[in-house]
Amino acid sequence: MSTLPDIDAIIAEIDDRGFCLVPNVIPPAKADEARHALHALLDAEITEQARQARTQRVGQIAVKHPVFLELMCHPFVLAVWKKMLGEDIMCATWSANTTYPGFDSIGWHSDYPYWSLQPPWPPGNFAGQTLWLLDDFTVENGATAAIPYSHKKGHPPPPETSNQWTDEGEIFVGTRGSIVFGHGAWWHTARPNQTARSRSCLLGMYLMPWFIPQEDMRGQLAQIAEPSELVQQLLCGKQHTPNTVGVY
Ligand SMILES: O=C(O)CCC(=O)C(=O)O
């Protein structure tokens, strides 16, 4: 691992601009390991709909290959989110997104839980997105982009402009193994892939523990033999579940 920036500086940038790109959090060889594991899943799971859309999502990755569980628990990632969101964070969704050659869309959006909330959204920090680059991201292959300061708007991108590129967008060009930390309310998008190769990223949303997770994380936890305390926490195993008050 190269020398990583100060965690307080990363959090200050997320707070201020809505995101922070940190280069080379893991070595390229580790990113390659994750990308190879992902490509086996992409091949096994591809549908006609994904072929036509030229984009494919793989969910439940915590239980599909050990490298994904390892990255979900990456100490540097957890150090950032625990400091910003609290020691008791959980992971609300952990998935991969791949765009194939010819993918040609812009779709500005904010992430869960924001899209499930009625605007105006509450200010402050309760959700953080972690975008892992598994390929070198370039302008040509559709590197993810985000709009600075959009996390402060308090509402989703207006539908009439959500499919249009804007020069306000900042494109995350970087080497595989880099991470973009994003405020959950940031407006961001994948971009058209104009190359002959796919490009993939992992997306892990870390949340304060009083939200309903986006994915069925407990279902994944149930499939893991002897999970560590940390894995139990991140896969929502320590989250409060509704009970009947007064009945013991
Ligand atoms: O694949 C990307 O570049 C971004 C995907 C994304 O924005 C998302 O899944 O929320």
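Start at 1 and go down the list; that is how both ligands and their atoms are numbered.
Of the candidates Arg51, Gln56, Arg54, Gln56 is the only one forming a side chain to side chain donor-acceptor pair (under 3.5 Å) with Tyr100.
Between His183 and His151, the ring-plane angle classifies as tilted under the 30° and 60° cut-offs. Note: Trp132 and His74 have perpendicular aromatic rings, judged against thresholds of 30 and 60 degrees for the angle between ring planes.
For atom 2 (C) of ligand 1, the closest heavy atom belonging to the protein is Arg199 NH2, 3.3 Å. Arg57 NH2, 2.5 Å is the protein heavy atom nearest to atom 9 (O) of ligand 1.
Between Thr99 and ligand 1, a contact under 3.5 Å exists for no N or O pair.
For ligand 1 and Asn97, the ligand atoms under 4.0 Å from any heavy atom of the residue are 1 (O), 2 (C), 5 (C). The distance from ligand 1 to the heavy atoms of Cys201 drops below 4.0 Å at these ligand atoms: 1 (O), 2 (C).
Across the listed options Met205, Arg191, His109, His109 owns the non-hydrogen atom lying nearest to atom 10 (O) of ligand 1. Of all the listed residues (Thr144, Leu133, Leu202), Thr144 holds the heavy atom that lies closest to atom 4 (C) of ligand 1.
Without hydrogens or angle criteria, Arg199 side chain to Gly142 main chain gives a donor-acceptor distance under 3.5 Å.
A side-chain donor from one of Thr175 and Asn24 sits under 3.5 Å from a side-chain acceptor of the other.
Trp108 and Trp186 have their aromatic ring centers separated by at least 6.0 angstrom.
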